[in-house]
Amino acid sequence: MFYMFDSLYLMLLGPPMLLAMWATFKVKTAFRKAKKIRVSSGMSGAEAAAHILERSGLYHVAIEPTNGFLSDHYDPRKKVLRLSPEVYQGRSIAAVGIAAHEVGHALQDQAAYSPLALRNAIVPMAGFGSNASFMIFILGMFMQIPFLMVAAIVLFSAVVVFQLVNLPVEFNASSRARALLVDTGVIRPEEDRAVGKVLNAAAMTYVAGTLTAIATLIYYILRSGLLGGRD
Ligand SMILES: [Zn+2]
């Protein structure tokens, strides 16, 4: 519980956490607005994804509906594009924009785009690091075992690397998506601006996530006292 009253923690993590909240709010607002704009081609997110995949020669990628709000993702292991109900069925700028973004990840996978391969390779350690580092750090701090604190810092570094590698992956998927939507005739060029608003808002959440991870790592390093001067 001391964590909550730690002024260093609040000082470092407060700003990126506020940014993350703001970004989440922006995504929801942008999505809600773009959901109301019907796409001129009349395609649903699933139809748009199928169309772009076919035009790109990715016949082996399946498209499935999945539950959850904005839970859309591409599964590189099973080569499946999973779209949330609103994106799968929706015939809006928001639906085709998000569907195309996920196709962008499938194309990255097909092209063996190296940041994606690197991101996927870091996933297991980053997942473990984000779950375990806090407990290990606290244990190390209370029991005065520097090795544990260093271990937590190393583990959490994987989270930071993951977030940093994730940024070009996400930005690249969105830029591929926007070009593909126009090139394959899913949207008209003048509809690109509205698509951009949704995808840029989504990108902001990744930027906020990265800043939060960096701030957390700095917090661990300063709190460990490894640089001297622990207060
Ligand atoms: Zn993405």
Side-chain angles (χ1 to χ4, degrees), residues 3-4 6-31 68-76 84 97-98 100-109 111-138 149-178 195-224 226-227:
Y3 213 46
M4 298 188 57
D6 186 334
S7 58
L8 178 67
Y9 184 81
L10 280 180
M11 206 174 75
L12 280 169
L13 271 296
M17 279 179 166
L18 284 174
L19 181 70
M21 281 163 68
W22 178 79
T24 306
F25 171 76
K26 284 293 280 183
V27 171
K28 284 184 183 162
T29 323
F31 183 75
F69 178 68
L70 293 184
S71 54
D72 310 81
H73 63 275
Y74 169 69
D75 180 342
S84 63
I98 292 169
H101 171 92
E102 300 310 329
V103 175
H105 287 309
L107 282 162
Q108 289 173 337
D109 184 25
Y113 175 68
S114 50
L116 180 75
L118 183 60
R119 182 183 85 166
N120 294 341
I122 308 167
V123 167
M125 192 174 167
F128 179 71
S130 71
N131 290 323
S133 60
F134 176 67
M135 284 313 293
I136 296 173
F137 188 83
I138 295 295
M149 292 190 281
V150 174
I153 289 167
V154 171
L155 275 174
F156 200 80
S157 299
V159 179
V160 173
V161 173
F162 170 84
Q163 292 283 0
L164 286 173
V165 174
N166 194 36
L167 288 180
V169 172
E170 294 302 337
F171 280 101
N172 176 270
S174 286
S175 61
R176 282 174 195 252
R178 290 173 69 174
V195 170
K197 278 188 185 165
V198 179
L199 297 184
N200 290 342
M204 275 306 295
T205 64
Y206 294 111
V207 172
T210 306
L211 292 174
T212 305
I214 292 170
T216 306
L217 183 65
I218 294 172
Y219 172 81
Y220 283 160
I221 292 169
L222 292 177
R223 252 301 157 254
S224 71
L226 293 169
L227 297 179

Output the distance between atom [atom1] ([X]) and atom [atom2] ([Y]), rounded to the nearest 0.5 Å.
| X | Y | atom1 | atom2 | value |
| --- | --- | --- | --- | --- |
| Thr24 | Leu70 | OG1 | CG | 10.5 Å |
| Arg223 | Asp6 | CZ | CG | 4.0 Å |
| Met149 | Ile136 | CE | CD1 | 12.5 Å |
| Glu102 | Asp75 | CD | CG | 11.0 Å |
| Leu222 | Met11 | CG | CE | 8.0 Å |
| Tyr220 | Leu155 | OH | CG | 10.0 Å |

### Task
Using the side chain to side chain contact (heavy atoms under 4.5 Å, CB included) rule, pick out the option among Gln108, Gln163, Glu170 that qualifies with Arg119.
Glu170
### Message
Strictly distance-based, threshold 3.5 Å: is any side-chain N or O of Asn172 a donor or acceptor partner for the main-chain N or O of Pro168?
### Response
no
### Task
State whether the side chain of Ser174 and the backbone N or O of Phe171 hold a donor-acceptor pair below 3.5 Å, judged by distance alone.
no
Looking only at heavy atoms, which two atoms of [X] and [Y] are closest? And how far apart?
| X | Y | value |
| --- | --- | --- |
| Pro16 | Leu211 | CB-C, 3.9 Å |
| Val207 | Leu167 | N-CD2, 3.9 Å |
| Ala213 | Val159 | CB-CG1, 4.4 Å |
| Ile153 | Leu217 | O-CD1, 3.7 Å |
| Leu199 | Ala177 | CD1-CB, 4.3 Å |
| Ala126 | Ala158 | CB-O, 3.8 Å |

Between [X] and [Y], is any pair of side-chain heavy atoms under 4.5 Å apart?
| X | Y | result |
| --- | --- | --- |
| Tyr113 | Asp109 | no |
| Thr210 | Asn166 | no |
| Pro76 | Asn120 | yes |

### Task
Could I get the full list of ring pair (Phe, Tyr, Trp, His ring centres under 6.0 Å) partners for Phe162, not counting sequence neighbours?
none
## Note on the structure
Residues passing the ring pair (Phe, Tyr, Trp, His ring centres under 6.0 Å) test with Tyr74, sequence neighbours excluded, are none
### Task
Would you please classify the geometry between the Phe137 ring and the Tyr219 ring as parallel, tilted or perpendicular, with 30° and 60° separating the classes?
tilted
### Task
Give the intermediate values and the outcome of side-chain contact (heavy atoms from CB on, under 4.5 Å) for residues Val169 and Tyr206.
CA-CA 10 Å; Val169 172; Tyr206 294 111; over 6 Å; no
### CA sep, side-chain torsions, deciding dist, call: Lys26, Thr205, side-chain contact (heavy atoms from CB on, under 4.5 Å)
CA-CA 9 Å; Lys26 284 293 280 183; Thr205 64; over 6 Å; no
### Query
Around atom CZ of Phe69, are there more than 12 heavy atoms of other residues, nucleotides or ligands at under 6.0 Å?
yes
